Amino acid sequence: MTKSFLQRDPIQRDRDMVRESRLVERTLIALVFVILALFFFAPMLVVFVEAGRKGLLAYFTAIADPETKSAIKMTLMVATLAVPINALFGLAAAWAIARFEFPLKNLLVTLIDLPFSVSPVVVGLSFVVLFGSRGYFAPLLVQYNLQIIFAWPGLVLATTFVTFPFVARELIPLMQQQGVEDEEAALTLGACPLKMFLTVTLPNIKWGLIYGILLCNARAMGEFGAVAVVSGRIRGMTTTLPLQVEVLYGGFDLSGAFAIASILAGLALVTLIIKTVLEWRHAADLAASQRH
Amino acid sequence: MPGKSWFYPASPMPGFRLALGASLLWVGLIVLLPLAGLALRASQIGLEGAIQILMQPRLLAALRLSFGLSFAAGILSILLGGLIAWVLTRYHFTGRRLLDAAIDLPFALPTAVAGIALTTLYAPTGWLGRPLNELGIKVAFTPLGIFIALVFIGLPFAVRTLQPILEQTEVEVEEASASLGAKRWQTILYIILPPLLPAALAGFALAFARAIGEYGSVIFIAGNIPFYTEIAPILVVTRLEEFDERGAIVVAIIMLLASFLCLLAINLVQAWTRRRLGHD
Amino acid sequence: MDITLSGLKKTFGQSPAIHGIDLKIVSGELLGLLGPSGSGKTTLLRMIAGLELPTAGQIFFGKEDASHKTIQERRVGFVFQSYALFKHMSVAENIAYGLKVRPKAQRLEAAQIYKRVAELLDLMQLAGYGGRFPGQLSGGQRQRVALARALAVEPRVLLLDEPFGALDAQVRKDLRRWLREIHMRTGHTTIFVTHDQEEALELSDRVAVLANGRLEQVAKPEIIYDQPASAFVHGFIGESNQIYVEQLNGRLFAAGSDLHLQCQDQTDGPHILFVRPQHVKLSQPTETGWRGQIKAIHQSFLGRRVEIALSDFNGTLDAIVNDSEKLVIGETIGVTLSNYRLFALAR
């Protein structure tokens with residue numbers, strides 16, 4: 001009989017005898033708390049304190065400002081366009097990469113990751129080069145009387161580029177890990193491809209998909225550098241919330257800037273909380289699937 | 001259903017053509033087309049023209065500042081990130097999960113929000129800026145401020161690349177080292193740290209690449225004074241606003257090359273590690 | 001080096017793992033710690049190594065009380081179940097590690113370290129593998145590297161945790177024989193933990209059987225097999241048939257019928273009777289002896305086994321019989337026991 005690692009007894013430890021003393025341990029933990037307090041918690045706190053500095057009335061006046069409202073609308077529109085389309089693409093790419101072998105697959109993976117490492121301002125500049133007044137597509141745009149740069153399509157394009165990898169990145173490892181057995185079983189049971197996708201694939205990856213969409217959305221609503229370059233910051237027209245933060249901050253309307261910043265910070269917090277909850281839940285799901 | 005051909009092996013799974021076609025189309029339109037446009041424009045400037053633009057002292061100063069600060073921020077990120085990853089994976093204490101979740105804050109927080117928050121915090125009147133100011137340390141509107149913003153951005157990359165590697169290391173290996181007579185510092189130096197090196201390099205490269213391109217969290221705290229706190233991404237935007245597209249493109253291409261080199265370096269390091277350690 | 005454990009106890013949180021163990025391991029001995037999962041054998045080994053602190057009791061290395069010595073000070077060679085090789089070091093670097101981390105004053109010169117590593121590679125039949133990395137080795141080779149690494153520091157005692165646990169059956173057999181040879185050549189006091197009785201019986205000078213954190217028996221393998229000291233040991237080691245019996249006034253009964261067997265102790269009350277299949281003999285049925293009916297005959301290359309349903313009381317027996325005996329299913333036969341053991345059951 002061969003005994004595999006899976007069967008080995010778990011080693012019981014009181015505490016690792018070989019590791020550093022408790023004093024060192026506590027010092028390091030304290031140090032980490034200090035680092036995170038200085039770097040992460042203090043800035044978050046500043047946002048909410050500054051936003052509320054002039055009282056609730058000023059806060060809501062700032063948020064009810066027509067320019068802010070228009071920025072909220074623009075932000076929502078950009079996210080509503082960029083996120084679903086990237087989610088669909090991410091699904092397609094993950095399906096191709098996790099389920100098939102084909103030449104230059106690694107190149108495709110690298111290309112999908114690329115937007116993570118390109119500077120947002122370079123992204124903006126690239127779209128200016130294509131669609132700007134002296135860009136490659138300028139004659140075409142003039143002919144059909146279209147505007148992309150300094151208009152909402154430019155914002156959508158830049159945001160789509162920047163948020164491009166999120167869903168695919170989340171799904172590829174998940175689908176690779178889950179393997180094809182469930183799907184093969186569905187096919188052998190006579191399910192048509194669409195039915196297999198809807199009844200087997202999608203339920204299996206739903207948490208990963210939601211998670212990816214969530215991250216994608218947070219980034220889409222918060223993107224600054226890329227949209228700053230293509231927007232032209234026409235107040236009340238092409239500003240998103242992050243751009244409006246800059247506009248107000250630059251105009252020394254600090255409480256206004258922080259009021260909007262607090263909305264965005266709230267969005268980030270909600271995203272983080274949902275992400276963390278999903279991760280815990282996810283972990284339980286994965287553990288369960290491994291037990292079977 | 002795809003048949004067997006030279007292009008892809010037979011697979012019972014449906015939808016290959018549709019999925020791959022959609023992926024390629026989308027990658028081509030959204031990612032490759034703009035970058036190709038940029039590259040084409042850059043090639044029209046020519047090497048000579050590019051060098052001429054590069055020789056502008058203001059541009060050189062911005063690039064030097066960007067690369068220098070990003071490098072330093074990458075180093076500090078990996079050191080602090082290593083400490084945080086160590087504490088998160090090794091110790092159990094109340095608030096551990098909260099800390100773990102908080103690491104992703106810079107991923108989720110819009111950079112502009114981080115930018116104004118850090119600026120307010122470190123401004124001479126700010127919570128941290130005031131005491132530092134009294135010590136004679138100016139943070140906001142100095143290179144030090146940029147550095148802090150870049151560490152803020154780079155830290156999660158460092159933590160998240162090191163954390164899985166630390167989680168994998170077995171306590172048995174440390175016990176083995178101790179049983180062979182090694183002191184704790186020897187175990188840390190010879191046993192725990194070396195396997196982390198590839199991940200540390202990858203984390204550094206990620207943090208560095210991100211820092212080179214970072215815009216939103218830096219512009220507010222930098223103050224953008226030419227020859228002092230003007231970094232490359234800000235110069236790209238400035239040049240564009242001055243209708244100097246060529247100048248903007250040259251800086252952008254250099255930043256792009258730097259990030260490609262980082263990606264390449266990460267891939268090489270990972271391939272090297274896999275080869276050396278074999279498949280377990 | 002003699003190892004003496006005295007009143008050793010270990011509690012994890014609220015749950016006791018080791019309940020007070022006294023044991024002396026003689027210098028040069030090869031001792032097998034045998035027990036089922038959760039019996040505490042690994043914990044015991046880890047306490048000897050210094051990887052756990054005992055809750056109570058003492059550990060002596062020779063005359064020296066090592067109970068509170070750190071693992072570094074104890075100078076033990078520990079081979080982990082997972083081998084715990086340093087993946088980023090070559091085989092030679094792994095083996096040399098313990099020599100290189102010594103304080104400067106005690107450290108060998110580089111040339112001596114090199115020589116020692118070469119000797120160990122030879123001893124482990126790993127010559128030529130010094131430059132490889134653990135990831136490039138097979139399971140058996142990794143195991144030998146782990147052993148070489150532990151031996152390199154000239155340990156006072158060699159401790160092995162499930163040394164063959166993760167290997168294929170054939171490799172296990174080879175390594176087992178080879179470990180015995182290494183032990184004979186190097187003469188280290190060696191303690192190894194195993195859940196595999198065959199391994200423990202074949203390899204050890206003495207076997208210590210552990211159950212629920214208590215020592216059930218410590219003896220030579222043949223004694224463990226032939227004269228188990230407790231019902232647990234008898235049931236755990238080898239095959240046995242078990243029958244619940246009642247002892248009354250020096251006679252044994254099952255379901256009211258007299259078994260006509262000798263008692264082995266004076267205590268009346270419920271007992272459990274163990275008999276190994278090779279000690280169950282078939283004969284012509286008699287009036288007073290046990291009778292049974294043949295229920296099944298299993299013929300295999302290992303021999304012939306018979307399942308017998310006892311007629312006079314509820315019970316079945318497995319017997320190993322001669323191939324030459326003529327037997328028919330359903331046939332009534334007589335049964336005698338050439339050897340058996342009785343253990344009193346706690347009421």
Side-chain angles (χ1 to χ4, degrees), chain A residues 16 18 20 25 28-29 31-32 35-36 39-40 42-43 46-47 50 89 92-93 95-96 99-102 108 111-112 114-115 117-122 125-130 136 160-161 164 180 183-184 187 193 218 222 224-225 228-229 242 245-246 249 257 261 264-265 268 271-272 276, chain B residues 7-9 11-16 19-20 22-23 26-27 30-31 34-35 37-38 41 80 83-84 87 91 93 99 101-102 104-105 108-114 116-118 120-121 127-128 152 155 171 174-175 178 184 209 212-213 215-216 233 236-237 240 248 252 255-256 259 262-263:
Chain A
D16 305 347
V18 297
E20 49 283 340
E25 175 180 326
L28 293 181
I29 292 172
L31 206 57
V32 164
I35 293 169
L36 290 188
F39 270 106
F40 292 0
V46 161
V47 170
E50 290 290 328
F89 155 76
W95 182 256
R99 291 290 176 263
F100 299 94
E101 289 302 322
F102 50 92
L108 182 61
L111 286 177
I112 288 172
L114 198 59
S117 33
V118 175
S119 169
V121 295
V122 175
L125 180 63
S126 304
F127 283 106
V128 171
V129 165
L130 287 187
Y136 286 109
T160 308
F161 184 113
F164 189 79
V180 294
E183 283 145 5
E184 283 174 350
L187 287 181
F224 180 69
V229 173
V245 169
E246 189 206 14
Y249 191 83
L264 289 167
T271 304
L272 273 189
T276 308
Chain B
F7 188 64
Y8 42 80
S11 164
M13 286 295 126
F16 176 67
L20 186 66
S23 310
W26 202 230
V27 167
I30 292 296
V31 179
L35 292 179
L38 188 70
R41 242 326 119 79
L80 293 183
L83 173 67
I84 295 171
V87 167
Y91 304 144
F93 52 93
L99 283 196
D104 285 335
L105 187 67
L109 193 67
T111 52
V113 177
I116 62 167
L118 287 172
T120 308
L121 198 59
W127 295 347
L128 296 170
F152 173 83
L155 207 48
V171 184
E174 291 168 43
E175 291 176 342
R184 185 63 184 160
I212 289 282
Y215 178 70
V236 171
V237 177
L240 201 59
M255 289 164 57
L256 209 52
S259 47
C262 284
L263 272 188

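Naming convention: chains lettered A, B, ... in sequence-line order (proteins, then strands); numbering from 1 in each chain. Keep in mind that this is a model prediction, so the values were computed, not measured.
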Toward chain A, the part of W127(B) with a non-hydrogen atom under 4.5 Å: side chain
Closest non-hydrogen atom pair between A248(B) and L125(A), with its separation: O-CD2, 3.6 Å
Between P120(A), A261(A), A257(A), the one whose heavy-atom pairs under 4.5 Å with chain B are most numerous: A261(A)
Chain A contact via V27(B) - which portion, at a heavy-atom distance below 4.5 Å: both
Heavy-atom side-chain proximity of I112(A) to S23(B) below 4.5 angstrom: no
Heavy-atom proximity to chain B below 4.5 Å, by part of L272(A): side chain
Residue, of C262(B), A102(B), A209(B), A178(B), that accumulates the most heavy atom pairs under 4.5 Å with chain A: A102(B)
Which atoms of I212(B) approach chain A - backbone, side chain, both or neither, heavy atom under 4.5 Å: neither
F224(A) to G216(B) - nearest heavy-atom pair and separation: CD2-CA, 3.3 Å
Flag side-chain contact, heavy atom, 4.5 Å: V236(B) against V122(A): no
Within-4.5 Å side-chain heavy-atom neighbours: W95(A) and F16(B): no
I116(B), part contacting chain A, at a heavy-atom distance under 4.5 Å: both
Contacting region of S117(A) [heavy-atom separation from chain B under 4.5 Å]: both
Trace of the side chain to side chain contact (heavy atoms under 4.5 Å, CB included) decision for L108(A) with L20(B): CA-CA 10 Å; L108(A) 182 61; L20(B) 186 66; 4.0 Å; yes
Choice from Y136(A), F161(A), F127(A) maximising heavy atom contacts with chain B below 4.5 Å: Y136(A)
Among V128(A), L111(A), V129(A), residue most engaged with chain B (heavy-atom pairs, under 4.5 Å): V129(A)
Stepwise side chain to side chain contact (heavy atoms under 4.5 Å, CB included) test for V121(A) and L240(B): CA-CA 10 Å; V121(A) 295; L240(B) 201 59; over 6 Å; no
Greatest number of heavy atom pairs closer than 4.5 Å to chain A - which of F152(B), Y91(B), Y215(B): Y91(B)
For the student: nearest non-hydrogen atoms of P193(A) and P14(B), plus distance: CB-CG, 3.5 Å
4.5 Å side-chain heavy-atom contact, L155(B) and F40(A): yes
Among L130(A), L31(A), V118(A), residue most engaged with chain B (heavy-atom pairs, under 4.5 Å): L130(A)
Least distance between heavy atoms, L121(B) atom then A42(A) atom: CD2-CB, 3.6 Å
Side chain to side chain, V31(B) and F164(A), heavy atoms closer than 4.5 Å: yes
Y249(A): partners by ring pair (Phe, Tyr, Trp, His ring centres under 6.0 Å), with sequence neighbours left out: F220(B)
Check: L114(A) and L263(B) side chains under 4.5 Å, non-hydrogen atoms: yes
Check against side chain to side chain contact (heavy atoms under 4.5 Å, CB included), F39(A) and L80(B): CA-CA 11 Å; F39(A) 270 106; L80(B) 293 183; 4.2 Å; yes
With sequence neighbours excluded, residues passing side-chain contact (heavy atoms from CB on, under 4.5 Å) with L99(B): V32(A), F33(A), L36(A), F41(A), L88(B), F93(B)
Heavy-atom contact with chain B under 4.5 Å, split by part of I29(A): both
Note, I30(B) side chain near F89(A) side chain (heavy atom, < 4.5 Å): no
Residue pair I35(A) / L83(B), side-chain heavy-atom distance below 4.5 Å: yes
Heavy-atom closest pair, residues A108(B) and A268(A): O-CB, 3.4 Å
Chain A contact via R184(B) - which portion, at a heavy-atom distance below 4.5 Å: side chain
